[in-house]
Amino acid sequence: MNNGTQPIANAAELKTAVTEAVHAQRVTDIHTHLFSPPFGELLLWGIDELLTYHYLIAEVFRKSDISYQQFWAMTKAEQAELIWQRLFIENSPLSEACRGVVTTLNELGLDVSARNLQDYRDYFSDTSVEAFIDTVFERANVSQVVMTNDPFDLAESPVWASGNTGDSRFHAALRLDVLINNYPETAYEHLRGLGYDVDATLSSEKAHKEVRRFLEAWIQRMQPKYMAVSLPPDFRYPDDGILGRVFDNCILPVSREFNVPFALMIGVKRAVNPQLQLAGDGSAKADLSSLEALLRGHPDNKFLVTLLSRENQHELCVIGRKFKNLMIFGCWWFMNNPSIIEEITRERLELLGLSIIPQHSDARILDQLVYKWKHSRQIIADVLAEKYQTLLDAGWCVTRSEIARDVGNLFGGNFERFLQAN
Ligand code: FIX
Ligand code: ZN
């Protein structure tokens with residue numbers, strides 16, 4: 001019997017070993033929109049939330065004659081019923097977002113062949129959120145998740161003020177979209193209201209110091225794993241506007257001083273169709289010379305990066321080869337589909353070996369951890385098995401414990417080491 005240290009003998013044993021290692025590995029999910037229980041209604045879960053995920057809202061309009069106005073006037077339960085009827089009953093749920101609901105219900109032990117929405121509702125109404133968190137973390141084999149925490153969101157502030165975020169499996173990420181993308185419209189007044197002496201264009205030394213003070217206060221309060229922003233495809237750096245001043249004089253120095261990496265999620269075109277609300281964002285290819293300039297100009301800063309355009313993915317891998325202060329992570333949003341995850345994962349392993357974080361879930365609804373990780377694990381296992389097989393074919397020996405080591409790094413170790421590195 002192979003105890004883990006003997007070379008794997010053949011292709012069948014390899015395939016089994018990789019699949020088992022990937023499924024046994026507990027995951028650190030480095031980017032979600034989930035919240036721990038003290039955040040109350042911000043933590044979404046249950047069948048009606050699953051069905052009204054914004055990915056499915058975008059799809060239902062394509063299969064129904066309902067107007068935007070009529071849809072948004074419905075209750076959540078009515079929206080869920082419409083989506084269930086149109087996308088699951090009147091059409092087969094083939095899209096990745098639809099398939100995700102089926103996988104999730106099935107993994108939770110519900111009878112998907114019955115197609116009975118009321119049964120699913122009954123299941124969720126019979127459980128508490130705390131119990132359901134345990135169920136989901138166990139089924140998804142996730143050990144910890146990173147939330148998305150907006151310091152400008154008044155719904156979050158009471159929890160941060162209380163100092164009790166409840167469940168230590170939920171970690172913070174300090175999200176800075178409002179500061180970076182909406183400074184004149186929103187952040188400026190908000191900061192003034194809190195007593196920070198900032199000016200409208202963020203031009204003075206004093207204002208920079210004040211924003212740094214704001215960031216430091218939130219870092220103390222949240223203990224975030226990283227600071228983060230989503231950026232449009234036309235993001236440019238260096239920049240002589242507000243973005244450049246926030247980056248150069250506020251975020252980057254604080255990120256360095258407190259050893260809190262800065263995560264950039266680049267390529268989102270917000271509100272391409274505003275009628276779709278949260279479902280209305282699009283994507284486009286970014287000019288990555290700006291990212292190169294940022295990495296080159298700040299070798300002592302650490303950056304986590306994910307991109308929304310398929311066309312950018314290969315170029316990003318090449319940039320990863322040039323800059324060790326870059327950690328590439330996840331297949332974000334429109335990239336989070338099996339065919340593209342497979343392609344990107346293969347590309348990354350070929351160009352960067354095991355020095356990546358292959359996936360995050362971006363789950364907005366707790367239940368989604370189940371399907372997002374089940375679907376991704378399968379693809380990552382298949383690609384890894386193929387890559388180890390090419391080594392075996394060339395006469396290299398691989399052991400089960402080496403595979404477990406590699407998989408452990410991909411699903412959590414690389415993230416932890418990147419956070420700790422100076
Ligand atoms: O900016 C983000 O973090 C995006 O992931 C979200 O805004 C987006 O709506 C989403 O849910 C993607 O999966
Ligand atoms: Zn997200």
Side-chain angles (χ1 to χ4, degrees), residues 32-137 139-140 142 145 147-148 153 155-156 170 275-281 333 336 361-375:
T32 76
H33 296 264
L34 303 177
F35 290 89
S36 57
F39 289 93
E41 292 187 351
L42 291 177
L43 171 58
L44 304 181
W45 63 290
I47 184 65
D48 285 7
E49 296 294 351
L50 260 186
L51 288 171
T52 53
Y53 185 31
H54 68 75
Y55 291 23
L56 291 173
I57 289 177
E59 290 174 30
V60 78
F61 284 105
R62 303 182 57 78
K63 277 290 187 183
S64 122
D65 292 331
I66 196 160
S67 71
Y68 296 121
Q69 227 179 0
Q70 284 168 323
F71 182 82
W72 295 119
M74 287 172 150
T75 63
K76 181 157 288 185
E78 288 166 344
Q79 292 172 349
E81 281 152 23
L82 178 77
I83 291 172
W84 178 251
Q85 188 58 32
R86 293 283 187 270
L87 298 183
F88 292 78
I89 303 300
E90 293 171 12
N91 294 279
S92 295
L94 289 184
S95 75
E96 177 62 7
C98 284
R99 174 189 165 223
V101 175
V102 178
T103 300
T104 303
L105 296 176
N106 192 38
E107 289 289 308
L108 290 172
L110 295 163
D111 179 3
V112 290
S113 68
R115 303 186 185 180
N116 188 335
L117 183 53
Q118 193 50 49
D119 284 353
Y120 310 144
R121 284 179 167 160
D122 292 345
Y123 166 85
F124 287 101
S125 61
D126 283 349
T127 185
S128 71
V129 70
E130 287 80 8
F132 192 57
I133 291 173
D134 290 341
T135 302
V136 167
F137 274 53
R139 294 286 153 81
V142 165
V145 300
M147 308 180 277
T148 295
D153 184 352
E156 287 192 42
F170 291 74
Q275 303 264 36
L276 284 171
Q277 301 189 8
L278 195 55
D281 299 338
W333 202 345
N336 199 4
S361 75
D362 233 310
R364 278 185 176 267
I365 294 113
L366 179 61
D367 330 17
Q368 291 173 335
L369 287 176
V370 173
Y371 92 78
K372 299 232 185 196
W373 282 109
K374 185 173 169 66
H375 292 182

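When a residue number appears, it is its place in the shown sequence, counting from 1.
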> Are the side chains of I47 and W84 in touch, meaning some heavy atoms are under 4.5 Å apart?
Replying inline: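 When only atoms from C-beta onward are counted, W84 and I47 do not touch, as no gap falls below 4.5 Å.
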>> With a 4.0 Å cut-off on N to O distance, would you call E49 and K76 a salt bridge?
In response: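 Between K76 and E49 there is a salt bridge, with a charged N closer than 4.0 Å to a carboxylate O.
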> Step by step, would you call T135 with T127 a side-chain contact (heavy atoms from CB on, under 4.5 Å)?
Replying inline: CA-CA 10 Å; T135 302; T127 185; 5.7 Å; no
>> For R364 versus L44, what's the shortest heavy-atom pair and its separation?
In response: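 Here R364 and L44 meet closest at O-CB, 3.6 Å.
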>> Quick check: closest heavy atoms across A80 and R121, and the distance to 0.1 Å?
In response: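 Shortest heavy-atom contact: CB-NH2, 4.1 Å.
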Side-chain donor or acceptor of [X] paired with backbone N/O of [Y] under 3.5 Å:
{"X": "W72", "Y": "Q275", "answer": "yes"}
{"X": "S125", "Y": "D122", "answer": "yes"}
{"X": "E156", "Y": "F39", "answer": "no"}
{"X": "T148", "Y": "T32", "answer": "yes"}

Quick one: [atom1] on [X] to [atom2] on [Y], what's the gap to the nearest 0.5 Å?
{"X": "I66", "Y": "L82", "atom1": "CD1", "atom2": "CG", "result": "5.0 Å"}
{"X": "I83", "Y": "M74", "atom1": "CD1", "atom2": "CE", "result": "9.0 Å"}
{"X": "L366", "Y": "S36", "atom1": "CG", "atom2": "OG", "result": "11.5 Å"}
{"X": "R99", "Y": "S92", "atom1": "CZ", "atom2": "OG", "result": "14.0 Å"}
{"X": "I365", "Y": "T104", "atom1": "CD1", "atom2": "OG1", "result": "9.5 Å"}
{"X": "F170", "Y": "L43", "atom1": "CZ", "atom2": "CG", "result": "6.0 Å"}

>> Quick one, L117 with F88, criterion side-chain contact (heavy atoms from CB on, under 4.5 Å). Give me CA distance, side-chain angles, the key distance, then yes/no.
In response: CA-CA 10 Å; L117 183 53; F88 292 78; over 6 Å; no
>> Which residue in the set Y123, F132, F35 passes ring pair (Phe, Tyr, Trp, His ring centres under 6.0 Å) when paired with W45?
In response: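 Exactly one pass, corresponding to F132.
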>> Looking at Q69, I'd like to know if its CD atom is crowded, meaning that more than 12 non-hydrogen atoms belonging to other residues, nucleotides or ligands lie closer than 6.0 Å.
In response: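 Counting neighbours around CD of Q69, 12 or fewer heavy atoms of other residues, nucleotides or ligands fall under 6.0 Å, so no.
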> Do other residues, nucleotides or ligands put more than 12 heavy atoms under 6.0 Å from Q118 CD?
Replying inline: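 Counting other residues, nucleotides and ligands, CD of Q118 exceeds 12 neighbours.
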> Which residue pairs satisfy the side-chain hydrogen bond (donor to acceptor under 3.5 Å, both in side chains) criterion with at least one member in residues 55-68, sequence neighbours excluded?
Replying inline: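 Passing the test, one end in residues 55-68: Y53-Y55, E59-S95, K63-N91, S67-Q70, Y68-N273.
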> Passes side-chain contact (heavy atoms from CB on, under 4.5 Å), F71 versus V60? Steps please.
Replying inline: CA-CA 10 Å; F71 182 82; V60 78; 4.2 Å; yes
> Quick one: which of V101, T103, L105, N106 gives a side chain to side chain contact (heavy atoms under 4.5 Å, CB included) with Y371?
Replying inline: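 Of all the options given, the one that passes is T103.
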> Yes or no on side-chain contact (heavy atoms from CB on, under 4.5 Å) for L369 and V145, after CA distance, side-chain angles and deciding distance?
Replying inline: CA-CA 10 Å; L369 287 176; V145 300; 4.1 Å; yes
